[in-house]
Amino acid sequence: MHDIEIKSVTKTYIGTKEAAVKELSLVVEKGSIVTLLGPSGCGKSTTLRLIAGFERADSGSISLAGKTVSDSNTWIPPEKRGIGMVFQDYALFPHLNVFDNVGFGYKEKDRKSRVMEVLELVNLKGYEQRYPYELSGGQQQRVALARALTRRPVVVLLDEPFSNLDADLRVSMRIEVKRIIKEAGATAIFVSHDQKDALAISDQIVVMKDGIVQQIGTPREIYQYPENRFVASFVGQSNILEGTIDQDGQSIMTNLGTVPCAHSHCRCAGEKVCISIRPDSLQVDASGHIKGQVKTYTYTGESIDAVVSIIDEGGISQDMIVNLHPDQQINIGDEVRFRVLPNCVSVVKNDD
Ligand SMILES: Nc1ncnc2c1ncn2[C@@H]1O[C@H](COP(=O)(O)OP(=O)(O)OP(=O)(O)O)[C@@H](O)[C@H]1O
């Protein structure tokens, strides 16, 4: 069963030339978490606002729980769409306590028990009488999420919900928010420009650029098999090389030598392609066939991300990002040798 079905939706704001969202189609299964991921201005928030009913599409249709809410003949206003919304700044009412924030606008007979139920779900039992200014950022976010869930919405929309949290809290809230949404049985759409949030929380990721969907897939599909250069570079780090499919269909001939590629078999021998090699797919090895010099490096704690300058067979210098072990002693100018491991090497469309 689909909870959200968007068919070929286009939206151009008045006074602008380019459409903010172009021919967007998306199907979201009941109970799943989908993230719209992309750089600033790619149309993520517009898509969310179209689903919520804060904006109207120029063409195309949107259905929620099998019911059309927007097409050329139909318009259901936001308050009748069965949607719960969590805003970037949480938008809590400062003059209302937690209980009244969570129960705001909920007039059913079970108000008290329902509010207590969602407060328990978000682990805020005992905080009913507190005011928003008496809560931490993470607790405020739980209140905002509880409020979005009180009316048992068909769909919960979350606009950059982690952007106001510091790094540690962000990691724990990703896990917590996912648990709450799954336990509530809700279908959720997140907007994010942070690939780590998207990879951690989503069942499906929709990568967008310039209002156009670039790829839809599970976090693993998006990371391991990006379809084009943009997705490869935006979701995780990537080294892009140009090459030609080898006769055996199992490897790509590049200026850095032949690179094994387990996923090139569906292409034709001799075809010119681009490949994306994740830095964690480059193994430092004294007998490796690729040799370069360390240009810069960044210590991240988990690894050393080094930019290594390589002179290819055509005599052209090319930079590659290589993950080194954090214990490795390294200096700018050091020579490193490495080899390419076949997993995480994928053929991508050259969309430049
Ligand atoms: N109300 C508006 N009027 C005119 N243009 C708009 C309006 N809102 C957004 N846009 C434009 O539409 C495009 C998509 O904007 P949108 O806010 O959907 O992007 P986004 O991916 O959510 O960006 P961000 O991550 O910065 O919030 C941008 O070019 C933006 O300038």
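First listed ligand is number 1; within each ligand, the first listed atom is number 1. Everything numeric here is computed off the predicted structure, so don't read it as measured data.
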Inset, instruction - Please confirm whether Cys42 comes within less than 3.5 Å of ligand 1 when only nitrogen or oxygen atoms on both sides are compared. - result: yes

Inset, instruction - Report yes or no: is the cationic atom of Lys125 (NZ for Lys, CZ for Arg) closer than 6.0 Å to the six-membered ring centre of Tyr127, at no more than 45° off its axis? - result: no

Legend entry - Minimum heavy-atom distance between Met320 and Ile310, given as atom pair plus value: SD-CD1, 3.5 Å

Legend entry - Salt-bridge criterion met for Arg278 and Asp305 (N-O under 4.0 Å): no

Inset, instruction - Return yes or no for this condition: an N or O of Lys44 is under 3.5 Å from an N or O of ligand 1. - result: yes

Legend entry - Geometric N/O contact Ser40 with ligand 1, under 3.5 angstrom: yes

Inset, instruction - Could you list which atoms of ligand 1 come closer than 4.0 Å to a heavy atom of Thr16? - result: 4 (C), 5 (N)

Inset, instruction - Answer yes if a protein heavy atom lies under 4.0 Å from atom 31 (O) of ligand 1, otherwise answer no. - result: no

Legend entry - ligand 1 versus Thr46: contacting region, heavy-atom distance under 4.0 Å: both

Inset, instruction - Could you tell me which atoms of ligand 1, counted from 1 in the order shown, lie closer than 4.0 angstrom to a heavy atom of Ala20? - result: 12 (O), 13 (C), 14 (C)

Legend entry - Carboxylate-amine/guanidinium contact Lys22 Asp58, below 4.0 Å: no

Inset, instruction - Report yes if some N/O of Ile14 lies less than 3.5 Å from some N/O of ligand 1; otherwise report no. - result: no

Legend entry - Note: Lys295-Asp319 ion pair, threshold 4.0 Å (strictly below): yes

Legend entry - N-O pairing of Asp100 and Arg111 below 4.0 Å: yes

Legend entry - Top protein contact for atom 2 (C) of ligand 1, by heavy-atom distance: Tyr13 CD2, 3.5 Å

Inset, instruction - Compute the minimum heavy-atom distance from Gly41 to ligand 1 and say whether it is under 4.0 Å. - result: yes

Legend entry - Heavy atom of Pro39, distance to ligand 1 below 4.0 Å: yes

Legend entry - Heteroatom distance test (Ser45, ligand 1): nitrogen or oxygen, under 3.5 angstrom: yes

Inset, instruction - Salt-bridge test for Arg142 and Glu176: reply yes if a basic N is under 4.0 Å from a carboxylate O, no otherwise. - result: yes

Legend entry - Sidechain N-carboxylate O distance under 4.0 Å for Lys7, Asp71: no

